[in-house]
2 protein chains.
Amino acid sequence: MASTERQQNNRKVENQQEIIHAAAICFMRHGLEKTTIDDIARELNATKGRVYHYFRSKNDIFFAIHRQAMRFCFDAVQPILKQNIPADEALMRMATAHGHVMMDTLPYQRSIRLGVDIYLRGSTTEAEREVLMELIALRNEYEGLYRAVMRQGQSEGTLSVPDEALAGRALMGALNGLVDWYRVRPDQTQAERSRIAQTLASTIINGLRPKPTPAARS
Amino acid sequence: MASTERQQNNRKVENQQEIIHAAAICFMRHGLEKTTIDDIARELNATKGRVYHYFRSKNDIFFAIHRQAMRFCFDAVQPILKQNIPADEALMRMATAHGHVMMDTLPYQRSIRLGVDIYLRGSTTEAEREVLMELIALRNEYEGLYRAVMRQGQSEGTLSVPDEALAGRALMGALNGLVDWYRVRPDQTQAERSRIAQTLASTIINGLRPKPTPAARS
DNA sequence: ATGTAGGCATACTACTGAGTATGATGTTTT
DNA sequence: AAAACATCATACTCAGTAGTATGCCTACAT
């Protein structure tokens, strides 16, 4: 029956997600190479058999994590793009949202740091290279969203961005750096997270605002 | 003879540095785990025997790279601290210098990204944990230099830094992000590098300057 | 010239960990 | 109910790699 088939599919996807999540946690803790499939299985209270039933290889798991991580980012930022607000405000909201995503989906985001470039050189099969290129393209597209808003702010006059590529790198660097030092603490309130995200975002974006008295210099 | 002994010591240190450098290049390309000792030896046009003659283990090599990377950073920044200049200017020079170090010593800096935390959990022996703690302390000390200058700027009035810990993270994140995307190109001029370092540094630090008209708001 | 020690290559060992083969158990289909 | 299938556990294989054992060779000391 069709509904049964769909239920089975749901179940399958859920199990895959569960494995991905466990893997992300392991990768966050010990890095990609040092975590074994057995580690992931242990995190699931299961054995290798279960993992290999849903994924062909460790690389496939990493790719799935990466895709998921990018989806988290897009989902957080895209609604803001549809709002009709000044570019500086949009950029501020996007950056804040990105910071939140970094903290909320820490295992995923941390797992993929530096992973792509390293994997790219090492991966043997043609299929893997293709997937990697696709993931890199996704990331470029994502960063492109920020650069587009910066360009818009430049033409609007709400932002002053002489080099939007570099400004984008700076913004991403400051926010992505979260995965290096941020640690989830159970007693931490949502307000505290918001403060972190907003402070990081505004620190960069304040540096991109037009000088209030440009004619007064020298 | 003493002079001979010193020469031998020099030679030994040089050989160690050569191995460290080759290892850093390999680590940059393929990551820590994926590079084998044989890879490092091949980069040296040598064999494992040479590597193990100077280092007890792969971890020891990583530790040496890390120490060297931190030394590069300290050496670039400490002279600036001795100059008698306003804190905002000092911070700007320090950040720019840090950016230069990231580009100039890319293999070292890239090798140690995320490496420490991952190694910390995994390392078994007590001695290794001690070395790692020492390296983490070094890094904290280094970042402390920036925070100290920020505090000074705050009291001087040349900077406005409500949360110097977060501001420090933002600054380090934006600059350290260089190792993720910067690639050495032979045709690239020194001027181009300077532009990158200065743009990144000023983007952050401009966001930390006091508002010119704080009384005029709303 | 000859002993001696550092500098390294070669040839191992021992182990880890990715991926596979197989089968046991439950669940859905007919 | 029994056939077919999905979901896993168990028990392997085998390749790759960190680290070691050994010995040659060269340079320096005496």
Side-chain angles (χ1 to χ4, degrees), chain A residues 1-20 22-23 26-27 29-65 115 118-119 121-125 127-128, chain B residues 1-20 22-23 26-27 29-65 118-119 122-125 127-128:
Chain A
M1 218 185 296
S3 76
T4 308
E5 198 179 311
R6 212 179 310 135
Q7 269 199 346
Q8 276 186 348
N9 242 327
N10 276 348
R11 177 86 190 143
K12 186 169 179 176
V13 170
E14 274 176 31
N15 282 340
Q16 282 179 337
Q17 297 283 12
E18 201 183 344
I19 292 171
I20 290 174
C26 292
F27 289 164
R29 287 205 274 251
H30 305 300
L32 290 176
E33 307 299 325
K34 281 217 170 165
T35 50
T36 69
I37 302 284
D38 290 302
D39 286 339
I40 299 170
R42 200 175 310 121
E43 181 72 26
L44 285 165
N45 278 24
T47 62
K48 283 166 96 145
R50 182 163 177 197
V51 176
Y52 276 105
H53 183 70
Y54 292 96
F55 292 94
R56 294 161 54 92
S57 71
K58 193 171 157 181
N59 282 354
D60 273 8
I61 299 176
F62 172 74
F63 296 153
I65 289 178
I118 286 169
Y119 261 74
R121 291 247 189 188
S123 53
T124 22
T125 76
E128 281 182 348
Chain B
M1 214 187 295
S3 77
T4 308
E5 197 179 310
R6 213 179 309 135
Q7 270 199 343
Q8 279 185 345
N9 243 325
N10 277 348
R11 178 85 192 142
K12 185 169 179 175
V13 170
E14 275 175 30
N15 282 340
Q16 282 180 337
Q17 297 283 13
E18 202 182 343
I19 292 172
I20 289 174
C26 292
F27 289 164
R29 286 205 275 251
H30 304 300
L32 291 175
E33 308 299 327
K34 280 213 171 167
T35 48
T36 69
I37 302 285
D38 289 302
D39 286 338
I40 299 171
R42 199 174 311 122
E43 182 73 26
L44 284 165
N45 279 21
T47 62
K48 282 165 97 145
R50 184 163 176 197
V51 176
Y52 277 106
H53 183 71
Y54 291 96
F55 292 93
R56 296 160 52 90
S57 72
K58 194 172 158 183
N59 282 354
D60 273 7
I61 300 176
F62 172 74
F63 297 153
I65 289 178
I118 287 169
Y119 261 76
S123 52
T124 21
T125 75
E128 282 182 347

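Just so we're on the same page: letters track the sequence lines, and every chain starts at 1.
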Quick one: salt bridge (charged side-chain N to carboxylate O under 4.0 Å, His left out) pairs with a partner in residues 50-59 of chain B, sequence neighbours left out? B/Glu18-B/Arg50
Report the end-to-end axis angle of the helix from C/dG7-D/dC24 to C/dT30-D/dA1; each axis comes from five terminal pairs, and the value is rounded to 10°. 10°
Nearest whole Å is fine: how far is C/dT16 C1' from A/Glu33 CD? 14 Å
Taking B/Tyr54 as the fixed residue, which of B/Val13, B/Ile20, B/Ile19 is the one that meets the side-chain contact (heavy atoms from CB on, under 4.5 Å) rule? B/Ile19
Taking atom CD of B/Glu33 and atom OG1 of A/Thr35, what is their separation to the nearest 0.5 Å? 9.5 Å
How close or far is atom C1' of C/dA18 from atom NZ of A/Lys34, stated in whole angstroms? 17 Å
Does the side chain of B/Glu14 reach to within under 4.5 Å of the side chain of B/Gln17, using non-hydrogen atoms? no
With rounding to the nearest 0.5 Å, note down the distance linking CG in B/Asp39 to NZ in B/Lys34. 11.5 Å
From CD1 of A/Ile37 over to P of C/dT16, roughly how many Å is that when rounded to an integer? 17 Å
Using heavy atoms and a sub-4.0 Å distance, could you list which residues of residues 41-50 of chain A are near DNA chain D? By number, please. A/Ala46, A/Thr47, A/Gly49, A/Arg50
Can you measure B/Asn15 atom CG to D/dT26 atom P for me and round it to whole angstrom units? 17 Å
Which distance, rounded to the nearest 0.5 Å, do you find between the CZ of A/Arg11 and the CD of A/Gln16? 12.0 Å
To the nearest Å, how far apart are A/Lys58 NZ and D/dG16 P? 16 Å
Mind calculating the distance between CZ (B/Arg56) and P (D/dT20) to the nearest angstrom? 8 Å
Phosphate oxygens OP1/OP2 of D/dA9: is one of them under 4.0 Å from a side-chain N or O of A/Tyr52? no
Side chain of A/Thr36: nearest nucleotide among D/dA18, C/dG19, C/dG17? C/dG17
Side-chain touch B/Leu44/B/Val51, heavy atoms, less than 4.5 angstrom: yes
dist B/Asp60:CG -> B/Phe63:CZ (nearest 0.5 Å) comes out at 6.5 Å
Tell me the interatomic distance from A/Asp38, atom CG, to D/dT10, atom P, rounded to whole angstroms. 12 Å
Hey, could you give me the CD1/CG distance between A/Ile65 and A/Leu32, rounded to the nearest 0.5 Å? 8.0 Å
Quick one: is A/His53 getting a side-chain N or O under 4.0 Å of the D/dC8 phosphate, OP1 or OP2? no
For D/dA18, take OP1 and OP2 only and decide whether either is under 4.0 Å from a side-chain N or O of B/Asn59. no
Phosphate-side-chain proximity, B/Tyr54 and C/dG6, N/O vs OP1/OP2 below 4.0 Å: no
Integer-rounded Å distance: C/dA18 C1' and A/Phe62 CZ: 17 Å
